[in-house]
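All remarks here apply to the structure that follows.
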Amino acid sequence: MSRSAETEGRRAGARAATAPCPLYDAAALRAAERGAAAASGDAFELMRRAGEAAWREWLDRWSQAYSLLVVCGPGNNGGDGYVMATHALRNGRKVAVVRLREHAPRGEPARRAADGYRDAGGATLEFDGALPPAEAIVDALFGIGLSRAPDAVAGALIEAINGHGAPVFALDVPSGVDADRGAVAGPAVVADCTLEFIARKRGLRTGAALDHVGEPVLASLGVDMSEHAAYPVAEWLRAPDLGRWLRPRRRDSHKGRNGRVLCIGGDHGHGGALVLCAQAALRSGAGLVDAATRADHVAPLLARLPEAMPRAVESSDDLRAALAAADVIAIGPGLGTQEWGALLFAAALASDKPLLLDADALNLLAAQPRALPADCILTPHPGEAARLLGSDTARVQADRDAAVRALAERYRCAVVLKGAGTLVHAPGQGVRVIGAGNPGMAVGGMGDVLSGAIAALRAQRLDAFDAASCGALLHSTAGDRAARDDGERGLLPSDLMPWLRRCANPRADER
């Protein structure tokens, strides 16, 4: 098997996307493993391929390292580690397998792998509270089967791995990470690289998992998921996927064809939120942008953004003409939850126009739940999502996939669940995971930029689900580009504006 076939998708986003990138859950992967084992007639064959692929990937990254520790668990993940350790031993490396006393190999394939390592002259050490010196560590402790916090003894071993100082290479899943949900319930390995086997896992691309995976790389092991009735549970979107929706414009385009967005918000003390929303809508390609806000904010908004058309709104009556003219309404940035904001929120809901609800519009909805138009888009962060679900932030973050599905089901519309590994879902659609964004974007005002970007794409005739997906990806990609030269800390929402334009024109941005 060629090296390119073995490790697909290295440095995702560096090449043009050619097809959707599917993500799977543990049930689908187990089904594929069983099917592949039955097809080969040898349950050990997949383990052999996995261990060989792991050795090749390790050699590609740490070829100068002489000594390595391979931490093996009792199951198939540990068996993969024993096979890799055998390859390392036979290639002249100093190798030691470390395991817990109670982690003797279970199951015929894992025992066979451990026997092969022992027969090659390999040494196995029982963990005694500390790990010996080594230039690299391989985590083969737990695989996709662990969905709870490790017990105290395993937790101590994981903490020892994290505190060792050597680079860590995780096989399939960093031990302690829930591969389905992305949750981390206790100690979990922090890897520099994770080599996923057979297919990419949904949970490794959202939530707390992102602090543990390092660089994900795929080794398919020659298994075609479609041959084993294994269906993807999500789709992973990366920067090149923007070209799926953002095509060159027609030469005879005009501003009306590119849509008119009405941004509503900016109560006293929060005028900047609406400025960011309106500017993002323009930079993401809207033909016209109106901004309905407090009278005190009109002059500053004009001075900052003369391309927008601000209007003073003190009552719902002042909003009628703008509502009638709009193709899409983005409401919430800086809106507040007092009488002014509540009146404008009610008027927007009654407009029968495509809506995007963010920030205080979501808080008003949570306070008084009601039916929404089918083409509405909600963009909550985890705290807002918790209020909309009558839950709490910890529960939302413990299963982000379940939360975004529950929101879409409850409100019957498209939902963007913001956060690390943003998720997008709508009734009758799959879940899309945004494979872009960075911690520098955790600053006030970023959500206002996202609202403007999505509203602009909706006005450019993308449907609600695609506008939400493309907008979230565009926003995150612009954030990555803005942080690339000067770093993440100190990144401002306004720093994204030139990059929204560049990333919304993929061909120009690639030149």
Side-chain angles (χ1 to χ4, degrees), residues 44 47-143 146 150-177 187-195 197 212 214 219:
F44 183 70
M47 191 171 288
R48 183 195 66 75
R49 295 181 198 173
E52 182 179 356
W55 167 244
R56 290 180 180 178
E57 186 64 33
W58 185 89
L59 196 61
D60 187 53
R61 290 171 178 273
W62 296 290
S63 61
Q64 300 304 311
Y66 170 66
S67 60
L68 68 155
L69 299 176
V70 184
V71 181
C72 290
N76 287 346
N77 194 245
D80 300 337
Y82 281 110
V83 174
M84 181 193 167
T86 303
H87 280 287
L89 198 64
R90 288 173 175 168
N91 281 271
R93 297 306 196 273
K94 179 182 178 183
V95 184
V97 163
V98 178
R99 68 173 179 86
L100 297 175
R101 176 172 299 180
E102 60 271 29
H103 277 189
R106 303 169 192 161
E108 192 276 332
R111 287 194 294 269
R112 181 174 168 184
D115 289 345
Y117 170 72
R118 186 189 61 245
D119 292 346
T124 299
L125 310 174
E126 287 188 358
F127 178 62
D128 61 1
L131 293 174
E135 294 172 89
I137 296 177
V138 178
D139 166 29
L141 187 56
F142 300 118
L146 187 71
D151 62 28
V153 178
L157 176 51
I158 289 172
E159 296 289 10
I161 293 172
N162 291 338
H164 187 278
V168 179
F169 180 40
L171 302 191
D172 208 23
V173 178
S175 295
V177 173
V189 166
V190 178
D192 294 275
C193 172
T194 297
L195 180 62
F197 296 134
H212 295 264

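Side-chain contact check for Val71 versus Phe127: every heavy-atom pair is 4.5 Å or farther apart. Taking 4.5 Å as the limit, some side-chain heavy atom of Met47 sits within range of a side-chain heavy atom of Asn76. Side-chain contact between Val153 and Arg101 is absent, with no heavy-atom pair separated by less than 4.5 Å. Taking the side chain as every heavy atom from C-beta outward, Thr124 and Arg99 approach each other to under 4.5 Å. Ile158 places none of its side-chain heavy atoms less than 4.5 Å from the side chain of Asp139. By the 4.5 Å heavy-atom criterion applied to side chains, Leu68 and Trp62 are not counted as neighbours. At a threshold of 4.5 Å between non-hydrogen side-chain atoms, the residues Val189 and Val168 count as touching.
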Go through the steps for Leu157 and Leu131 under the test side-chain contact (heavy atoms from CB on, under 4.5 Å), then give the verdict.
CA-CA 8 Å; Leu157 176 51; Leu131 293 174; 4.0 Å; yes
Would Trp55 and Arg90 satisfy side-chain contact (heavy atoms from CB on, under 4.5 Å), going step by step from the backbone distance to the final call?
CA-CA 11 Å; Trp55 167 244; Arg90 288 173 175 168; over 6 Å; no
Stepwise, does the side-chain contact (heavy atoms from CB on, under 4.5 Å) test hold for His87 with Trp58?
CA-CA 11 Å; His87 280 287; Trp58 185 89; over 6 Å; no
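Taking the six-membered ring where tryptophan is involved, the planes of Tyr82 and Tyr117 are tilted, since the angle between them lies from 30° to 60°.
Asp119 contributes atom CG, which lies 11.5 Å from atom CG of Leu89 (distance to the nearest 0.5 angstrom). Going from atom CG of Leu141 over to atom CG of Leu146 covers 8.5 Å, rounded to the nearest 0.5 Å. Within the model, atoms CZ of Arg56 and CE of Met84 stand 13.0 Å from one another, a figure rounded to the nearest 0.5 Å. The OG1 atom of Thr86 lies 12.5 Å from the CZ atom of Arg48; values are rounded to the nearest 0.5 Å. The SG atom of Cys193 sits 3.5 Å away from atom CZ of Arg61, with the distance rounded to the nearest 0.5 Å.
Between the Asp172 side chain and the Phe197 main chain, a donor and an acceptor come within less than 3.5 Å of each other. His164 places no side-chain N or O within 3.5 Å of a backbone atom of Glu135 that could act as its donor or acceptor partner. Although no hydrogens or angles enter the test, the distance criterion places a donor-acceptor pair under 3.5 Å between the side chain of Asn162 and the main chain of Ala188. Between the side chain of Ser175 and the backbone N or O of Phe142 there is at least one donor-acceptor pair closer than 3.5 Å. Between the side chain of Arg93 and the main chain of Ala85, no donor-acceptor pair closer than 3.5 Å is present.
With salt bridges taken as basic N to acidic carboxylate O contacts below 4.0 Å, one links Asp115 and Arg118.
The shortest non-hydrogen separation linking Ala134 to Ala166 is O-CB, 3.6 Å. Leu195 approaches Ala54 most closely through the heavy-atom pair CD2-CA, 3.5 Å. When all heavy atoms are compared, the tightest approach of Pro150 to Pro187 is CG-O, 3.5 Å. Of all heavy-atom pairs between Leu125 and Pro132, the closest is CD1-CG, 4.1 Å. Shortest non-hydrogen contact noted between Val83 and Gly51 is CG1-CA, 3.6 Å. The two residues Leu171 and Asn77 come nearest to each other via the heavy atoms O-ND2, 2.9 Å.
Annotation for Gln64: atom CD does not count as buried by contact number, only 12 or fewer foreign heavy atoms lying within 6.0 Å.
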